[in-house]
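Chain identifiers are assigned alphabetically (A, B, ...) following the order of the sequence lines, protein sequences preceding nucleic acid strands; residue numbering begins at 1 within each chain.
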There are 2 protein chains.
Amino acid sequence: MKENNSNILRLRRLGIDTHTEHIIFMRADSPICRSEGFTANTRVAVNYGGRSITATLNVITSGLIGDGEAALSEEAFAKLNVQEGDLITVTHLQPILSFSEVRAKMFGKKLNDTVIQRIISDITRGLYSKIEIAAFVTVCSGDNLALDEVIYLTKAMINSGSRLEWDEPMIVDKHCVGGLPGNRTTPIVVPIVAAAGLLIPKTSSRAITSPAGTADVIETMTPVNLGLEQIKHVVRQEGGCMAWGGAVKLSPVDDVIISVEKALDVDSAGQMIASVLSKKAAAGSTHVVIDIPVGDTAKVRSKEEAFLLEYYLRAVGLSIGMGVEVMITDGSQPVGRGIGPALEAIDVLSVLRNEPDAPEDLKSRSVQLAGLMLEKAGAAPDGKGAARALEILESGQALDKFYRICEAQGGFKEPVTAGLRHDVLAMTNGVVRSVDNRKLAKVGKLAGAPKSPGAGIYFNAPIGKHIQKGDTLFTIYAASQGELNYALTYLHGSSHIVELAAI
Amino acid sequence: MKENNSNILRLRRLGIDTHTEHIIFMRADSPICRSEGFTANTRVAVNYGGRSITATLNVITSGLIGDGEAALSEEAFAKLNVQEGDLITVTHLQPILSFSEVRAKMFGKKLNDTVIQRIISDITRGLYSKIEIAAFVTVCSGDNLALDEVIYLTKAMINSGSRLEWDEPMIVDKHCVGGLPGNRTTPIVVPIVAAAGLLIPKTSSRAITSPAGTADVIETMTPVNLGLEQIKHVVRQEGGCMAWGGAVKLSPVDDVIISVEKALDVDSAGQMIASVLSKKAAAGSTHVVIDIPVGDTAKVRSKEEAFLLEYYLRAVGLSIGMGVEVMITDGSQPVGRGIGPALEAIDVLSVLRNEPDAPEDLKSRSVQLAGLMLEKAGAAPDGKGAARALEILESGQALDKFYRICEAQGGFKEPVTAGLRHDVLAMTNGVVRSVDNRKLAKVGKLAGAPKSPGAGIYFNAPIGKHIQKGDTLFTIYAASQGELNYALTYLHGSSHIVELAAI
């Protein structure tokens with residue numbers, strides 16, 4: 001049958017960023033709009049030059065685009081690799097067969113190896129809409145995934161992206177389950193471990209809902225947007241790197257799933273494990289140490305939960321040939337004093353530089369983690385890893401290695417904090433009893449971190465500290481008055497970020 | 001604290017319809033964008049004149065809107081009741097507390113009365129985004145809702161909208177679980193039942209993903225967009241009406257939830273029951289007959305499933321003081337010959353007019369349903385309802401009542417079919433063995449139904465019919481060549497819409 005030309009449309013670029021979900025904007029009077037109808041999830045295939053993406057329909061009821069024109073969201077332009085003025089072909093989308101298995105899981109049917117591969121492959125290809133991913137995330141949430149399903153999911157996610165290959169038998173890595181502001185051990189652990197002669201091709205994420213991801217922090221000191229070849233070059237030369245994982249697409253599907261999980265604020269143990277271990281496996285890691293901070297306002301809230309996570313992490317690691325060690329740590333309050341990219345980087349540098357007022361908690365946690373990695377990789381005898389790590393740190397070898405890695409990544413620069421500051425003062429005397437990590441992170445985020453890398457919080461009220469009325473509990477840093485006010489509005493509406501007990 | 005004026009923005013109207021989810025378009029360089037960040041689900045409160053809505057953020061990276069401006073999606077303009085040029089205030093959105101109960105349900109915690117009330121109230125207020133509704137739909141899907149949860153959900157949905165009050169002890173109603181093209185008994189049943197002296201204030205829905213909803217069919221013959229007062233007037237005068245339910249907002253939250261369910265193609269028994277019975281209760285109905293067609297390509301695929309639905313429907317009905325009767329019917333093929341608003345209306349009229357070639361299946365089904373309603377309402381002895389209904393139909397009283405209801409609603413007109421036609425011919429001889437309702441409906445939809453009310457399918461190949469090679473299996477009607485071609489493209493890619501067995 002001859003293709004009807006009413007589905008060939010000329011592209012307009014409106015400059016609308018709709019985040020990860022591709023949107024096509026079509027006129028209400030176009031034949032395709034009329035025949036597809038318009039629902040909460042009307043989707044079509046958009047084709048150009050042999051490439052095809054799936055896009056959700058938004059309808060233009062004004063003259064914003066002309067007859068015979070269509071527009072795409074920004075990420076769709078990039079994904080389809082098109083320009084304004086190109087002629088796209090819009091066609092009817094066949095049903096996504098793998099989603100019927102998500103529906104079956106709603107009815108309690110287990111997901112097998114093949115099915116999970118197909119679901120993950122379809123999500124990777126962009127066939128699932130946000131609400132379909134939300135349904136997938138929901139059926140995988142809670143304790144709805146059995147161990148074998150987590151293993152299948154991990155393997156499917158490893159297969160969804162590219163993979164780094166190393167000609168070494170031992171590649172070490174670390175990960176923190178997160179939820180703890182300021183817990184920025186990576187830029188300290190990587191140079192210690194690399195200085196000890198191990199290979200650590202570390203990739204980190206950017207913040208999604210927090211005021212800083214590790215990649216955001218490191219970026220205030222050195223470029224992190226490295227390609228696969230650059231990562232290999234830096235690691236071969238220095239033994240370690242500190243790169244942004246997103247640039248190398250080690251597990252691209254993970255970013256898509258995580259964005260919906262974060263939006264729903266759903267912590268799914270199974271998906272978290274698959275997410276972490278698939279990225280480590282794709283990076284070629286053979287030995288991984290996982291930091292699980294436990295605290296009332298951390299991601300993991302009880303030791304029991306941490307023990308269960310440890311069991312899953314080790315069992316899945318075993319099934320994919322990866323040695324996994326877990327370190328359960330204190331998650332009751334922020335680590336160090338800075339929250340936000342530059343402020344955390346300053347803490348990191350003060351530890352690496354052995355400054356007298358360097359935050360002891362960040363230093364000790366980094367040394368413990370690095371020590372465990374040295375032991376597991378055979379670079380220190382059992383029980384002696386932390387001492388060896390401390391020696392590397394205090395001798396200045398770690399700082400030297402840190403600078404060398406930065407140079408290899410494109411050069412080192414000092415982090416710079418934002419210009420506007422606002423002190424939050426204690427209203428009474430007392431001893432700090434508890435800190436709400438989540439609210440504190442929220443204030444830092446609303447103040448502009450990580451988009452303004454110098455924004456965030458300098459935290460001055462650790463648990464147990466004696467506070468006098470009028471003392472500064474923490475200082476908010478912001479790059480603009482608007483952002484500072486936005487954070488203050490939230491702060492004034494919240495209570496108990498820092499709780500004091502009467503002395 | 002003084003409000004910072006960077007969150008006061010001047011409205012631009014771009015004419016972008018984003019369906020039910022409200023979208024706010026803000027410049028990437030606005031302080032609010034910077035401090036909220038941009039995720040798959042960044043949401044803010046948009047305030048004007050004491051009213052407030054929740055909107056999801058899309059970011060403008062071009063000059064489409066100027067500094068200090070923002071745009072809203074079309075439905076958001078309507079909901080907030082604003083005009084281009086108005087000054088809106090954008091503020092940070094507090095977390096939606098009821099969603100934490102949806103998360104708890106993911107972990108297996110049951111939903112109680114209070115919790116479901118809060119969730120439904122928050123969805124009604126527009127606080128949930130599409131992906132949050134998708135998560136709620138998913139946790140309620142399959143057999144995840146116990147009977148008491150379905151009862152709570154039904155009651156919460158009744159409370160979410162307005163409610164019709166009648167000074168009569170007996171208000172009858174009918175509903176069909178759906179999934180069967182052409183099963184348009186309502187415009188036949190309503191006049192029969194009303195002519196028998198019963199009160200039947202019938203509201204129907206428009207199509208969401210099918211080629212015609214009952215309201216779409218009736219609209220080709222008489223106006224259906226009636227307000228509450230008009231409905232009361234028509235019913236008081238004629239004993240029955242045939243109105244569109246969406247206009248009177250009897251259970252507004254239902255439309256929002258259904259749009260996401262349809263998008264996910266998830267049939268949740270619990271939610272379907274709550275949806276149907278809440279709308280009936282809000283319409284003031286006391287006695288309801290439910291038609292459940294069973295067939296391989298109908299919504300309900302087995303008798304067992306139908307029996308379970310019947311149990312739930314009757315038990316929930318009991319808990320809200322409503323008498324519910326179920327009629328399980330044949331769902332193996334379309335009813336009548338027309339699929340699409342005008343084509344189905346023509347079938348309806350031929351039955352009401354007692355034309356010799358009126359579709360017997362549509363007539364008999366309508367008579368059975370009306371008969372059961374007469375019996376349950378005490379207007380006919382048990383076992384004699386169908387005979388009485390047939391008498392009302394064949395005597396012309398039903399046609400007379402139909403015209404009178406149409407006159408009361410604004411006048412009667414003859415339905416008009418679309419101008420372009422395409423016959424789909426049999427490729428071989430044979431006897432029709434099965435019909436794929438879903439694919440047939442899809443062809444009708446792609447041909448333009450219901451947006452083009454005259455578009456759709458005239459079906460000519462019921463099960464058991466002897467077909468010669470070259471006979472017309474069905475005819476596609478379309479209003480434009482583009483829509484016809486779109487349907488034909490799908491048709492050529494599909495197989496087995498009508499399956500023939502060798503004679």
Exercise. Given a strict heavy-atom distance threshold of 4.5 Å, which part of B:Ser73 is in contact with chain A: side chain, backbone, both, or neither?
Worked result: neither
Exercise. Any side-chain heavy atom of B:Phe136 within less than 4.5 Å of one from A:Thr138?
Worked result: no
Problem set entry | Beyond-backbone contact of B:His92 with A:Leu446, side-chain heavy atoms, under 4.5 angstrom | yes
Exercise. At what distance, to the nearest 0.5 angstrom, does CG of A:Leu264 lie from CD1 of B:Ile131?
Worked result: 4.5 Å
Problem set entry | When B:Glu132, B:Arg103, B:Glu21, B:Glu74 are compared by non-hydrogen pairs under 4.5 Å with chain A, the top option | B:Arg103
Exercise. So which of A:Leu14, A:Val102, A:Asp143, A:Ile96 has the largest heavy-atom pair count under 4.5 angstrom toward chain B?
Worked result: A:Leu14
Problem set entry | Side-chain donor or acceptor of A:Thr18 paired with backbone N/O of B:Asn58 under 3.5 Å | no
Seminar exercise, completed: Rounded to the nearest 0.5 Å, the CZ atom of A:Arg13 sits from the CG atom of B:Leu64 at a distance of 13.0 Å
Exercise. Out of curiosity, B:Phe107 CZ to A:Asn144 CG, how far, rounded to the nearest 0.5 Å?
Worked result: 8.5 Å
Seminar exercise, completed: Residue from B:Val137, B:Val139, B:Asp265 scoring the most non-hydrogen pairs under 4.5 Å with chain A is B:Asp265
Exercise. CG/A:Asn7 to CG/B:Asn485 distance, rounded to the nearest 0.5 angstrom?
Worked result: 9.0 Å
Exercise. Under 4.5 Å between any side-chain heavy atoms of A:Ile60 and B:Asp17, yes or no?
Worked result: no
Problem set entry | Minimum-distance pair of heavy atoms, taken over all atoms of B:Val44 and A:Tyr486 | CG1-OH, 4.4 Å
Problem set entry | Pairs of heavy atoms under 4.5 Å with chain A: top-ranked of B:Tyr490, B:Phe25, B:Phe99 | B:Phe99
